[in-house]
Amino acid sequence: MTVHSRNLNIDELRALDHAHHMHPFTDHKSLQAEGGSRIITHSDRIYLWDSAGNKMLDAMSGLWCVNVGYGRKSIAQAAYDQMLELPYYNTFFKTAHVPAIELAAKVASLLPERFNKVFFVGSGSEANDTIYRLVRHYFNVKGMPSKKAFIARQNAYHGSTVVSASLGGMAGMHGQGDLPLPGIHHVMQPYWYDLGGELSPEEFGLKAAQAVEDKILELGAENVAAFIGEPIQGAGGVIIPPSTYWPEINRICKKYGVLLIADEVICGFGRTGEWFGLDTFGIEADIVPMAKGLSSGYLPIGAVAISDEIADYLYEYGGEFYHGYTYSGHPAACAVALENIRILEEEKLVERVQKLAPYFNEKLKTLADHPIVGEVRSVGLIGAVELTRDKATRSRFDKPGRVGLICRDHCFQNNLIMRSCYDTMVAAPPFVITEAEIDEMVRLARLAFDLTYADVSKEMA
Ligand SMILES: *Cc1c(COP(=O)(O)O)cnc(C)c1O
């Protein structure tokens, strides 16, 4: 019996949801005032259905993760088969199992040659916590115990545990619980649309990179362990750095002996039209956290790839690294990730993203003429549309995020799932989306922009 053929009592489910289920990133009081959760019942390819029978185009791939699309029987089968054969065993204490070994080798083979060691975790947040511990341990072992500070960017997203929320640059998250941890420093993000002013994007890219160098000099290179950045900031609003940014970051990190961490949790496994954002932007990273796209979200799993330079040193001199999770390299999750990667390869989905990218960009760009749209940008199958009250000055509506939420709700009402990051509307559809479905996505987005415009036109410049 499939879930959607069950005779669901939706009102009862909503009541139970409110009574017992505490959601992530949710204001429960206002959710309840709006009538409670939308309950998602089933899925296929790029579509989701809710309990009211609405069929919705999921232009967000869940939370940027369901890259191979919903309804993959072979992935379910891989989990089923693995659970019967060996549902669980750990990889502590001198043991291993087939799926973890195969997945580690597979992930290493997809990354640039200098990456040959892969540490498994359960999520992107755990990946970044692992890196924080590993890097600090590494510099201790190297006899450089002062090298401990991390530099990250404002408005970055690296997860929601104590360390990963500290590395992230979300003011709201920092405000709750006295983050960031000491020793984690934030610098300007490469967000030309918001911060570039009169500079060209290329000039601004250099300025944003300079902020990293300035911070290193301020702290003293002997005190700085690492810089972390997403190749494209996802949750921050799909911020695509100017072309000058990453080459300059490469140079700066190398010059001062600062490790470069490229957070590939969203970009990894094809989102940008290459296997990794590293490939798209030429980022010379030393450490790579990944998660979401690794399993297309079918089961939770993340990983950290470590360059030979670091891994060889730690293997030789580091002794035991007292770190790991019960579910590091969970067999079923590894089997699912292997099947996900097999699908990406067999169906040439990364090449597909690259082929669709110009079409996706061109269709999104048709929205640029809309009166409330300030900028449209995309790489691969990840894109953003900026909402503005004045195209000429790129100025925002007051109360950041308010108009974005109005627009997001219009999207939902018209069965399009897009997300608002403050007043930036973002999309990252599954790689199996067709050209006709991109047309449909953009048609629904325009409708939502029209409705939003009608709501806020009085506030326009
Ligand atoms: C989602 C995300 C994370 C956190 O991953 P979780 O699996 O939610 O812990 C980390 N980094 C980036 C860039 C992300 O988008």
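Note that ligands are numbered from 1 as they come in the structure, with each ligand's atoms numbered from 1 the same way.
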*asked:* Less than 6.0 angstrom from the centroid, inside 45 degrees of the normal: does R408 satisfy that with respect to the ring of F412?
replied: yes

*Got the closest protein heavy atom to atom 14 (C) of ligand 1, with its distance?*
K292 NZ, 2.9 Å

*Would you mind listing which atoms of ligand 1 come within a distance below 4.0 Å of any non-hydrogen atom of I266?*
15 (O)

*Pick one of side chain, backbone, both or neither for how Y157 approaches ligand 1, counting any non-hydrogen atom pair under 4.0 Å.*
both

*If you count the atoms of ligand 1 from 1 in the order shown, which ones are under 4.0 Å from a heavy atom of S123?*
7 (O), 9 (O)

*asked:* Closer than 4.0 Å to some heavy atom of S125 - which atoms of ligand 1 meet that?
replied: 4 (C), 5 (O), 6 (P), 9 (O)

*Would you please say whether a donor-acceptor pair under 3.5 Å links the side chains of T280 and E274?*
no

*Is E230 touching ligand 1 with its side chain, its backbone, both, or neither, if touching means heavy atoms under 4.0 Å apart?*
side chain

_Top protein contact for atom 11 (N) of ligand 1, by heavy-atom distance_ = D263 OD2, 2.8 Å

*Do you know which of D17, D50, D409 makes salt bridge (charged side-chain N to carboxylate O under 4.0 Å, His left out) with R38?*
D50

*Can you find a heavy atom in the side chain of I287 that is under 4.5 Å from one in the side chain of V304?*
yes

*State, without any angle test, whether N361 and S378 hold a side-chain donor-acceptor pair at a distance under 3.5 Å.*
yes

*asked:* Return the closest protein heavy atom for atom 7 (O) of ligand 1 as residue, atom name and distance.
replied: G124 N, 2.9 Å

_Are the side chains of T424 and R377 in contact, using a 4.5 Å heavy-atom criterion?_
yes

